[in-house]
Amino acid sequence: MVWRDEIGKDLLKIGELARLTGVTNRTIDYYTNMQILEFERTASNYRIYDVAMIERVHQIEELKAQGKHLNEIRQIIIPEGSDMQSQIKTLEQDIKHIIESDNLEQIKQLAMKDLAVVKALLLLLH
């Protein structure tokens with residue numbers, strides 16, 4: 001099922017993105033954690049993906065089939081410093097989620113991921 005946000009953008013839940021691309025939910029989750037796929041969070045904390053991420057998953061899978069490793073793919077798809085605003089937006093969403101969460105393991109995972117993003121952003125600024 002495709003969702004439409006308040007400005008008319010078509011969005012997908014993780015399971016729907018996985019189904020439409022022929023990969024598993026776990027694969028989508030892994031790509032998301034590597035920050036290869038962009039997402040937003042709903043008010044009920046679901047990750048939702050723009051329909052443009054369908055093409056991104058197909059591109060990732062094609063590059064993997066060519067023998068490229070995911071770190072290489074990340075550099076191809078999202079060159080360093082190309083979308084700093086998106087990274088900042090993700091950090092803001094994660095911080096909001098950390099504040100609202102009471103799950104310590106989830107807080108730890110988000111904090112570690114965000115620390116890596118902050119380090120990358122600092123390197124870009126120097």
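Quick caveat, the model's predicted, so the values are computed rather than measured. The residues of the chain are indexed from 1 along the displayed sequence.
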Rounded distance (nearest 0.5 Å) linking atom [atom1] of [X] with atom [atom2] of [Y]:
X     : Y     : atom1 : atom2 : value
Leu37 : Tyr30 : CG    : OH    : 12.5 Å
Leu20 : Tyr49 : CG    : OH    : 13.5 Å
Asn71 : His69 : CG    : NE2   : 9.0 Å
Ile48 : Thr42 : CD1   : OG1   : 6.0 Å

Find out whether [X] and [Y] are in side-chain contact, i.e. whether some heavy atom of one side chain is under 4.5 Å from a heavy atom of the other.
X     : Y     : value
Leu11 : Val51 : no
Thr32 : Arg47 : yes
Ile54 : His58 : yes
Ile60 : Leu70 : yes
Thr21 : Thr27 : no
Ile14 : Phe39 : no
Val57 : Ile28 : yes

(request) State, to 0.1 Å, how close Glu38 and Met53 come at their nearest heavy-atom pair, and which atoms those are. (result) N-SD, 3.4 Å
(request) Mind listing the closest non-hydrogen atom pair of Ala18 and Asn25 along with its distance? (result) CB-OD1, 3.2 Å
(request) Give me the one residue out of Arg41, Lys13, Glu40 that meets side-chain contact (heavy atoms from CB on, under 4.5 Å) with Tyr46. (result)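 Filter result, single survivor: Lys13.
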(request) Using the salt bridge (charged side-chain N to carboxylate O under 4.0 Å, His left out) rule, collect all pairs that involve residues 62-72, keeping only residues at least two apart or in two chains. (result)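 Qualifying pairs: Glu61-Lys64.
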(request) May I ask you to check whether over 12 heavy atoms, not counting those of Asn45, lie within 6.0 Å of atom CG? (result) yes
